[in-house]
Amino acid sequence: MGGLPFKLKKLKVRSKIKALPIDNTIDDQASMSISNQEYESSFAKYSDAFNQHIDVRNQTNALLKKLENTTIHNFKLIEKSKSLCKQPYDKYELEQKLNSYSFVPEELYPLKRISKFYIKPIVAVMFGALIGAILVMALLGLVSMFGNASTGTSIQSLSGAAETNATLAWFGGGSLVSGGDGINGGIIALGAVFFIPVAALLYFSVNGREKNIQKFKSETKKLNYDDVQLRNSNRCIESEIAHFETLYTYIEESYKDTCKLMYPKGYITRMRRGLSSMINKDHYSKEEAKAIDRLAQAVYYVDQTSDKMR
């Protein structure tokens, strides 16, 4: 048995977040601010739940370690008590009993950190505009080098306004005379090329923010639920520790009383009894026999109680 392997660091969040009033008449800038506020607020709640959950898990680890130490100490005391009472004791019993204790809910899921990072709308627009501008410039350069005007003349051989108009007309599907949309069509086409990356990145930015908000809210609910599970588990562990300590205080007192009667002079008496036992001349007084009997009953009671607790 043992604690949960958990070494994640706590999340950092601003201690104070200003609340914004929600009004149906707000403008786009205020709407964006409220959206950002909702994102920050959701992350703050998630961070609080995340950090609190770390504390609860650490508490669980500490309690499990205490229960482990208490159980090891107590079963070793039983082993010594059985030895004193001349009762057989399986050397693997301690390990088997320790492996039978578990208080952490099996459905507790591995904890993962959700990143706060996402592309902000203003950054998405700027980056999209940069990509759009690069695409437009690249297309203009390619058409200027390899395209032909409606008259069949290579655009590369033209210069000045003629080259510009011919290039734009090419993007418009040709001149108006040849059945195309002409220069205006070309401007619209290049405008679309420019704005498509802007619109795409802005969509992914806003959509990503909304998805993150939902992730924060969903994960916060999971963390709060698992907090309840762990706190209930911790109460069970604390109750188990308290019960163990009560049981083994009882058996420890019986063990010490028996040792005082049988070994009043400590190691000297132990050595004398050991030698007497080797030549089969060891015997017990009535008081010692009664003490051993009480200790044996205490061991039996604790053993039976421990089995029921599992």
Side-chain angles (χ1 to χ4, degrees), residues 11-14 17-18 20-44 46 112-219:
L11 294 171
K12 293 182 179 180
V13 65
R14 288 187 298 172
I17 298 177
K18 295 181 179 179
L20 293 177
I22 299 179
D23 188 350
N24 294 329
T25 61
I26 54 177
D27 57 18
D28 291 341
Q29 184 177 1
S31 177
M32 184 68 68
S33 298
I34 290 176
S35 297
N36 291 334
Q37 170 62 27
E38 183 182 6
Y39 188 87
E40 292 292 338
S41 176
S42 299
F43 178 75
Y46 162 70
K112 294 182 180 180
R113 185 198 305 260
I114 300 178
S115 174
K116 182 185 177 183
F117 174 79
Y118 81 103
I119 300 176
K120 294 185 177 181
I122 185 64
V123 176
V125 170
M126 294 174 63
F127 192 61
L130 177 61
I131 294 175
I134 292 174
L135 287 175
V136 169
M137 295 301 293
L139 290 174
L140 287 172
L142 288 173
V143 172
S144 296
M145 291 177 62
F146 304 107
N148 293 322
S150 299
T151 59
T153 305
S154 173
I155 296 177
Q156 189 176 14
S157 64
L158 303 175
S159 61
E163 179 186 7
T164 301
N165 292 337
T167 302
L168 292 175
W170 187 95
F171 282 103
S175 64
L176 295 174
V177 176
S178 62
D181 292 328
I183 295 174
N184 290 335
I187 292 174
I188 293 174
L190 289 176
V193 171
F194 176 82
F195 283 108
I196 284 176
V198 175
L201 289 180
L202 182 60
Y203 169 78
F204 285 119
S205 170
V206 175
N207 189 54
R209 179 179 60 193
E210 295 304 316
K211 283 185 176 180
N212 271 8
I213 289 175
Q214 295 306 316
K215 284 182 181 179
F216 292 147
K217 291 180 178 180
S218 175
E219 193 67 13

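Along the sequence shown, the residues carry numbers beginning at 1. In this text the structure is predicted, and so the values were computed from the model without any measurement.
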Student: Supply the atom-to-atom distance Ser42 OG to Glu219 CD, rounded to the nearest 0.5 angstrom.
Tutor: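 Those atoms lie 13.0 Å apart.
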Student: Measure from the side-chain N and O atoms of Ser144 to the backbone N and O of Leu140, and report whether any donor-acceptor pair falls under 3.5 Å.
Tutor: yes
Student: So for atom CZ, which belongs to Phe194, do other residues, nucleotides or ligands contribute more than 12 heavy atoms lying within a distance under 6.0 Å?
Tutor: yes
Student: Could you give all pairs that pass the side-chain hydrogen bond (donor to acceptor under 3.5 Å, both in side chains) test and reach residues 152-165, with sequence neighbours left out?
Tutor: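 Counting only pairs at least two positions apart or across chains, the side-chain hydrogen bond (donor to acceptor under 3.5 Å, both in side chains) contacts touching residues 152-165 are Thr151-Thr153.
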Student: Who are the side chain to side chain contact (heavy atoms under 4.5 Å, CB included) partners of Leu135, not counting sequence neighbours?
Tutor: Ile131, Val193, Pro197
Student: Suppose we screen for side chain to side chain contact (heavy atoms under 4.5 Å, CB included). Which residues come up paired with Val125, at least two apart in sequence or across chains?
Tutor: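 So Val125 forms a side chain to side chain contact (heavy atoms under 4.5 Å, CB included) with Val198, Leu202.
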Student: In terms of ring plane angle, is the pair Tyr46 and Phe216 parallel, tilted or perpendicular, where the classes change at 30° and 60°?
Tutor: parallel
Student: Going by the rule side chain to side chain contact (heavy atoms under 4.5 Å, CB included), which residues pair with Lys215 if we only count those two or more places apart in sequence or in a different chain?
Tutor: Ile114, Asn212
Student: Let me confirm one number: the CG-CZ distance from Leu190 to Phe171, rounded to the nearest 0.5 Å.
Tutor: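 Going from CG on Leu190 over to CZ on Phe171, the span is 5.0 Å.
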Student: What distance do Thr167 atom OG1 and Leu142 atom CG have between them, rounded to the nearest 0.5 Å?
Tutor: 11.0 Å
Student: Rounded to the nearest 0.5 Å, what separation is found between the CD1 atom of Ile155 and the CG atom of Leu168?
Tutor: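 Answer for the CD1-CG pair, Ile155 versus Leu168, is 9.5 Å.
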Student: Which residues pass the side chain to side chain contact (heavy atoms under 4.5 Å, CB included) test with Val123, sequence neighbours left out?
Tutor: Ile119, Lys120
Student: Rounded at 0.5 Å granularity, tell me how far CD in Gln214 sits from NZ in Lys211.
Tutor: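 With rounding to 0.5 Å, CD (Gln214) is 11.0 Å from NZ (Lys211).
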Student: With sequence neighbours excluded, what pairs up with Lys217 under the salt bridge (Lys or Arg N to Asp or Glu O under 4.0 Å) test?
Tutor: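 Expected list: Glu38.
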Student: Could you measure the distance from the CG atom of Leu139 to the CH2 atom of Trp170? Nearest 0.5 Å is fine.
Tutor: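 Taking CG in Leu139 and CH2 in Trp170, the distance rounds to 8.0 Å.
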